[in-house]
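One structure is given here, and the rest of the page talks about it.
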Amino acid sequence: MNQDAFLDRPDIGLWAVADGMGGHASGERASKLVVEALAQLPVPELLGRSVRHAECLIAEANRRLIDEANASGDEIIGTTVVVLLAMGGACALLWVGDSRIYRLRDDRLEQLTRDHTEVQQWVSEGKLSAEQAESHPYAGVLSRAVGAEDEIQVDSVLEPLMGGDRYLLCSDGLTKELTLERIEQLLGSGEPPEVVQALVQNACAAGGRDNVTAVVVDFLNR
Ligand code: CA
């Protein structure tokens, strides 16, 4: 069973990764539903407008998942989602949950999203170190997910694009298995298809306790 889903649409500058949760086939259903919803995003005209449109599509997916859970008696049919939207010289990142977006710029890896988890909250409050958070028994407990609550809050940031930027969208199946240093190393060598393969293979070799999804996007000099 693969509860992850992804979207790869370089034609309109749109990429996404979703990581579903729930009993039976619910997790698969949830991640697929949010990714399919985002695929309806029209060809972007203005970045800000596309961000708001994407937020609406995520909110609609949220509503549908709640309705489906209510109808089927499932406690929750939920999913994370990370979205990268690029246009001209800028990009927008949107996210809910603990899937992540990283950027490799000048050989330095930076995490651009902040997990919606209980432990991340404690790290922000200074109650836990980032290292303690990784091995904490609550590490996988989300504080936000698509399908979890009536009012969904989507976080977003805008980032300027630079030629040579490489972005990584991934599910926690990757980040649970590989250190930041290892991801930086693997991400920095090769073309995107090889890099994706290396990331997934290394995560599986390191334990592979979960589904692993990685999307690598290069922005070239114009
Ligand atoms: Ca996962």
Side-chain angles (χ1 to χ4, degrees), residues 1-8 15-38 58 61-62 65-66 68-69 74-84 93-102 109 111-123 128 130-149 152-155 167-180 182-183 186-187 195-217:
M1 178 176 282
N2 185 2
Q3 300 198 324
D4 288 356
F6 72 96
L7 191 63
D8 178 26
W15 299 268
V17 165
D19 176 357
M21 71 206 81
H24 309 293
S26 299
E28 260 184 284
R29 165 97 189 110
S31 58
K32 217 169 152 212
L33 188 139
V34 74
V35 158
E36 282 171 0
L38 284 163
I58 293 170
N62 183 64
L65 289 173
I66 289 172
E68 281 188 24
D74 269 331
E75 203 168 307
I76 198 165
I77 305 177
T79 183
T80 71
V81 71
V82 284
V83 184
L84 175 62
L93 286 58
L94 294 88
W95 75 98
V96 179
D98 67 350
S99 297
R100 292 179 180 171
I101 300 180
Y102 292 89
L109 189 70
Q111 183 181 336
L112 300 177
T113 54
R114 180 173 283 194
D115 295 352
H116 296 135
T117 58
E118 298 288 345
V119 292
Q120 177 59 52
Q121 185 63 34
W122 297 331
V123 171
L128 271 186
E131 267 177 13
Q132 286 171 319
E134 274 171 32
S135 55
H136 196 279
Y138 289 178
V141 179
L142 299 183
S143 52
R144 264 192 238 177
V146 185
E149 282 176 72
I152 183 148
Q153 234 186 311
V154 180
D155 275 357
Y167 279 77
L168 166 68
L169 291 76
C170 63
S171 60
D172 69 337
L174 184 81
T175 50
K176 274 189 295 201
E177 306 296 356
L178 302 180
T179 62
L180 201 66
R182 187 73 182 128
I183 293 173
L186 292 167
L187 202 61
V195 171
V196 165
Q197 211 170 15
L199 287 168
V200 174
Q201 274 170 359
N202 273 268
C204 291
R209 291 165 290 175
D210 198 356
N211 303 133
V212 186
T213 301
V215 174
V216 173
V217 187

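Sequential numbering from 1 along the given sequence is applied to the chain's residues. Predicted model only: the values in this text are computed from it and were never measured. Note that ligands are numbered from 1 as they come in the structure, with each ligand's atoms numbered from 1 the same way.
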Kindly assign one of parallel, tilted or perpendicular to the pair Tyr138 and Trp122, based on the angle between their ring planes and the thresholds 30° and 60°. tilted
At less than 3.0 Å, would any N/O/S atom of Asp210, backbone or side chain, sit next to the Ca ion (ligand 1)? yes
I'd like the atom name of the N/O/S atom in Asp172 lying closest to the Ca ion (ligand 1). OD1
Give the atom name of whichever N/O/S atom in Asp19 sits closest to the Ca ion (ligand 1). OD2
Hits for side-chain hydrogen bond (donor to acceptor under 3.5 Å, both in side chains) against Arg209, two or more places apart or cross-chain, chain-then-number order -> Glu177
Quick check against the 3.5 Å criterion: does Asn62 have a side-chain atom that pairs as donor or acceptor with the backbone of Gly147? yes
List the residues meeting side-chain hydrogen bond (donor to acceptor under 3.5 Å, both in side chains) with Gln132, not counting sequence neighbours, and say none if there are none. Ser129
